[in-house]
Amino acid sequence: MGEQDFPYWVNVTNPSYAPRILYNDLNQDKKKDLTIVLTKGYGTEALDSEVHVLNKTQTNIGEIYEEVLVDNPIAIILKNVKTKLTQHEAVVSIGDKKTVINIEKLQIPPDHLFNDVAFGSIVKFDVVDNHLVASVGGQITPAMFIGTIEISYEFKDKMYQAKKIEFKSE
């Protein structure tokens, strides 16, 4: 297969966050794909991961691994998830499914609340039952998470796109 360079891939140097290499058939073509999960940053209540999926492809020079585009989970959330935050409740709506979380009991001072539910400080990728899954934390203050958006991907139109989006409250 030879060597391939990916000069724009970045991973932190902390060995606890070393790149994860997974070997699964994500696109159900009976050939295993390489899935590489990189950690671009981490900290208290923060984890920024990105994923690269390489499909094995036959070319006139032999087999190579070709990177396939994976739709950005934050873009998927912005297109498909509606939220509302008041000092009494947080509302997360995906399609016709609405989750209402009573936050009054948490007694968060109103000036500590974000203007809206925020997504993106925690982004994780994994492969579950040969399907790529992104988990993105939803928070209402810098340190208060109310749940996670889980996005299951499918291979469609030559890229990995959202197949299923659901919110799981804490």
Side-chain angles (χ1 to χ4, degrees), residues 8-22 24 26-27 35-53 67-157 159-170:
Y8 301 108
W9 289 12
V10 176
N11 198 81
V12 297
T13 56
N14 184 333
S16 298
Y17 296 97
R20 290 180 37 231
I21 301 172
L22 308 165
N24 305 80
L26 293 182
N27 61 2
T35 305
I36 294 100
V37 180
L38 302 175
T39 301
K40 298 188 310 181
Y42 64 93
T44 305
E45 303 294 342
L47 179 67
D48 185 14
S49 299
E50 73 179 16
V51 69
H52 298 275
V53 178
E67 186 165 6
V68 178
L69 186 64
V70 176
D71 213 353
N72 183 310
I74 302 302
I76 292 169
I77 290 169
L78 290 172
K79 289 179 195 172
N80 296 283
V81 179
K82 304 289 179 238
T83 60
K84 183 179 174 193
L85 181 61
T86 69
Q87 64 185 79
H88 307 291
E89 65 184 20
V91 180
V92 178
S93 302
I94 302 171
D96 57 3
K97 188 169 188 326
K98 182 184 206 176
T99 304
V100 179
I101 299 162
N102 179 352
I103 63 168
E104 217 166 14
K105 62 183 184 261
L106 302 173
Q107 299 180 341
I108 300 168
D111 60 333
H112 290 193
L113 285 174
F114 290 151
N115 291 334
D116 202 351
V117 180
F119 296 97
S121 70
I122 293 185
V123 179
K124 298 180 195 174
F125 289 93
D126 210 343
V127 174
V128 179
D129 297 328
N130 281 333
H131 288 91
L132 182 62
V133 177
S135 300
V136 181
Q139 60 194 112
I140 58 174
T141 73
M144 177 66 64
F145 286 82
I146 58 164
T148 304
I149 298 280
E150 282 198 0
I151 302 166
S152 297
Y153 288 86
E154 69 177 334
F155 186 72
K156 181 178 169 191
D157 300 329
M159 67 180 283
Y160 289 92
Q161 301 180 42
K163 177 180 183 178
K164 182 177 171 190
I165 307 165
E166 59 184 340
F167 178 72
K168 296 184 176 180
S169 57
E170 298 274 313

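Contact annotation: the side chain of I122 never approaches that of T148 to less than 4.5 Å [non-hydrogen atoms, C-beta and beyond]. Between P73 and V123, some side-chain heavy-atom pair lies under the 4.5 Å cut-off. A 4.5 Å side-chain heavy-atom check between V92 and I149 finds at least one atom pair inside the cut-off. Counting only heavy atoms from C-beta outward, the side chains of V91 and K98 approach each other to under 4.5 Å. Between I108 and M144 the shortest side-chain heavy-atom distance falls below 4.5 Å. By the 4.5 Å heavy-atom criterion applied to side chains, E67 and W9 are counted as neighbours.
Summarising the geometry of G120 relative to I74, their closest heavy-atom pair is CA-CD1, 3.6 Å, with the distance given to 0.1 Å. Closest approach of L113 and Q87 over heavy atoms only: CD1-CA, 3.6 Å. In terms of heavy atoms, V117 sits closest to K84 at CG2-O, 4.3 Å. Of all non-hydrogen atoms in Q161 and K156, the two that sit nearest each other are NE2-O, 2.8 Å. Here the closest heavy-atom approach between residue L132 and residue L26 is recorded as N-CD2, 3.8 Å. Considering every non-hydrogen atom in both I101 and S169, the closest pair reads CD1-CB, 4.0 Å.
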- When you look at T35 and R20, which way does the side chain to side chain contact (heavy atoms under 4.5 Å, CB included) test go after all the steps? CA-CA 8 Å; T35 305; R20 290 180 37 231; over 6 Å; no
- Pair L38-H52, side chain to side chain contact (heavy atoms under 4.5 Å, CB included): steps then yes or no: CA-CA 8 Å; L38 302 175; H52 298 275; 3.7 Å; yes
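Counted by atom type alone, Q139 and S121 present one or more donor-acceptor pairs between their side chains at under 3.5 Å.
Listed by first and then second residue, the ring pair (Phe, Tyr, Trp, His ring centres under 6.0 Å) pairs that reach into residues 127-156 are F155-Y160, sequence neighbours excluded.
Heavy atoms of other residues, nucleotides or ligands lying less than 6.0 angstrom from CG of D129 number 12 at most. Other residues, nucleotides and ligands contribute only 12 or fewer heavy atoms inside 6.0 Å of the CD atom of Q107. Atom CG of D111 has more than 12 heavy atoms from other residues, nucleotides or ligands within 6.0 Å.
Take S49 and apply the side chain to side chain contact (heavy atoms under 4.5 Å, CB included) test, not counting sequence neighbours, and it matches V37, T39, L47, F125. In this structure E89 satisfies the side-chain hydrogen bond (donor to acceptor under 3.5 Å, both in side chains) test with no other residue, sequence neighbours excluded.
Interatomic distance, N102 CG to I146 CD1, rounded to the nearest 0.5 Å: 11.5 Å.
E150 pairs in a salt bridge (Lys or Arg N to Asp or Glu O under 4.0 Å) with only one of the listed residues (K124, K168, K163), which is K168.
Side-chain atoms of N11 come within 3.5 Å of backbone atoms of Y17 as a donor-acceptor pair (strictly under, hydrogens ignored).
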